[in-house]
Amino acid sequence: MNRREFILAGSAMFAAGLSPKLFAATPAATHSQTGAQTQAPFKVLALVFDDYETLDLHGPLEMLGHLPSVEITLIGPQPTVRSYQGPRVVADRLLDAVVECDLLLIPGGMGTRKLVDDTRLLDWLKRQAKVSNKIFSVCTGAALLAKADLLNGVSATTNKMAYSWVTGLNDKVIWQPSARWVDDGRFLTSSGVSAGIDTALFFIAQTYGEAQARKIETLTEYQWNSDADKDPYAVIS
């Protein structure tokens, strides 16, 4: 049993008037006795770059990081990357490495304004997309996908406060002015900043079942907007 499962199980036990000590060691012991194989980790690769929006990255990773078996890797142009708000992260891998993954996460932020003209980054993104099962952008992360021509013919959305700029980068994308997020096959795009958290929970529900998403919603004490059509910041034409 991992820490997250312990907390959830413990909460349920306390609610029922039982001690979590009765529950804590049992699954681990059973696993050891049966020799069951460990589940292969769900591999998440997240792009980081200077002036990324902090919550664009860390909000979805908070939710995804509570999955039963997950491996999160950060990849960036240099070893240390600074968010727009100031805190720094250390990249596990450097561009131009291409890493096979189950989910590629592309955050947005002010840094995307320069990166849409960065041929090194865009070339890497095209190559990385080929070995990523699902591609998830938050906020203006969609600008990078659009500029790399990865969203051509795809329904997508982005931060509504930057909607005119992002949509002006590529008119071959089927932009959605009213959507908290849009799921179109391999591409999952969200609106601005906190919308990435809602979208991550949607992805978890889609992939692991709604019960798993609701457990994480409870664990993180987050009120999930689970309706993609409920977009309070929609662009009104």
Side-chain angles (χ1 to χ4, degrees), residues 45-61 74-78 81-87 89 95 103-129 132 134-200 202-203 225 227-237:
L45 180 69
L47 175 66
V48 290
F49 48 84
D50 281 344
D51 290 330
Y52 74 87
E53 182 68 26
T54 303
L55 195 60
D56 283 11
L57 176 74
H58 299 283
L61 290 186
L74 302 183
I75 188 166
Q78 64 267 351
V81 175
R82 183 195 68 252
S83 74
Y84 181 70
Q85 285 73 19
V89 295
L95 303 180
L103 183 68
L104 173 62
L105 174 62
I106 309 293
M110 293 302 295
T112 59
R113 269 66 172 179
K114 294 181 179 179
L115 289 181
V116 292
D117 296 316
D118 187 323
T119 55
R120 177 194 177 196
L121 184 281
L122 297 178
D123 288 344
W124 170 82
L125 195 52
K126 292 174 184 178
R127 291 185 288 112
Q128 179 60 49
S132 305
K134 187 92 172 182
I135 301 169
F136 171 19
S137 71
V138 180
C139 192
T140 57
L144 301 180
L145 296 177
K147 196 64 184 293
D149 289 328
L150 291 170
L151 294 179
N152 291 359
V154 174
S155 289
T157 197
T158 186
N159 188 327
K160 304 311 187 299
M161 306 302 167
Y163 191 79
S164 295
W165 173 68
V166 177
T167 59
L169 295 171
N170 189 335
D171 61 6
K172 296 179 182 177
V173 183
I174 308 170
W175 295 109
Q176 303 299 315
S178 178
R180 188 70 169 163
W181 68 83
V182 176
D183 182 36
D184 189 348
R186 290 183 61 231
F187 293 93
L188 177 62
T189 57
S190 84
S191 189
V193 195
S194 65
I197 302 175
D198 294 329
T199 309
F202 160 77
F203 175 77
N225 172 8
D227 184 356
D229 294 327
K230 187 179 179 182
D231 182 6
Y233 304 102
V235 175
I236 306 300
S237 57

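Side chains are part of it too, since the values below use all heavy atoms of this structure and drop only hydrogens, waters and symmetry mates.
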Under a 4.5 Å cut-off applied to non-hydrogen side-chain atoms, are [X] and [Y] in contact?
X: T112; Y: F49; answer: yes
X: L74; Y: L61; answer: yes
X: F202; Y: W181; answer: yes
X: P60; Y: V138; answer: yes
X: L150; Y: R186; answer: no

Discussion item. One pair to check against side-chain contact (heavy atoms from CB on, under 4.5 Å): V173 and T167. What are the steps and the verdict?
Written reply: CA-CA 8 Å; V173 183; T167 59; over 6 Å; no

Worksheet item: Would S191 and Q176 count as a side-chain contact (heavy atoms from CB on, under 4.5 Å) if you check the C-alpha gap in whole Å, the side-chain angles of each, and the deciding distance to 0.1 Å?
Response: CA-CA 10 Å; S191 189; Q176 303 299 315; over 6 Å; no

Practice prompt. Scan for salt bridge (Lys or Arg N to Asp or Glu O under 4.0 Å) pairs involving residues 49-61, sequence neighbours excluded, and state none if there are none.
Written response: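 As it turns out, the salt bridge (Lys or Arg N to Asp or Glu O under 4.0 Å) pairs with a partner in residues 49-61, which skip direct neighbours, are D51-R82.
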
Discussion item. I'd like to know if the side chain of D184 and the backbone of S155 have a donor-acceptor N/O pair within less than 3.5 Å.
Written reply: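 A pair under 3.5 Å: yes.
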
Practice prompt. Give a yes or no on whether the backbone of A142 and the side-chain of K147 come within a donor-acceptor separation of less than 3.5 Å.
Written response: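 No.
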
Discussion item. Using a strict threshold of under 4.0 Å (side-chain N to carboxylate O), is an ion pair present between K126 and D149?
Written reply: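 Here D149 does not pair with K126 in a salt bridge, since their nearest N and O are not under 4.0 Å apart.
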
Worksheet item: Can you say whether the rings of Y163 and W175 are parallel (under 30°), tilted (30 to 60°) or perpendicular (over 60°)?
Response: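 The arrangement is perpendicular - the two ring planes meet at more than 60°.
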
Worksheet item: Quick one: side chain to side chain contact (heavy atoms under 4.5 Å, CB included) partners of R113, sequence neighbours excluded?
Response: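 Testing R113 for side chain to side chain contact (heavy atoms under 4.5 Å, CB included), a comparison that skips the adjacent residues, returns M110, T140, A162, W165.
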
Discussion item. Holding to side chain to side chain contact (heavy atoms under 4.5 Å, CB included), I want the full list of residues that pass it with P232, two or more places apart in sequence or in another chain.
Written reply: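 None.
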
Practice prompt. Step by step, work out the side-chain contact (heavy atoms from CB on, under 4.5 Å) result for V154 and T189.
Written response: CA-CA 10 Å; V154 174; T189 57; over 6 Å; no

Worksheet item: Where do Q128 and L47 land on the side-chain contact (heavy atoms from CB on, under 4.5 Å) test, with the steps shown first?
Response: CA-CA 11 Å; Q128 179 60 49; L47 175 66; over 6 Å; no

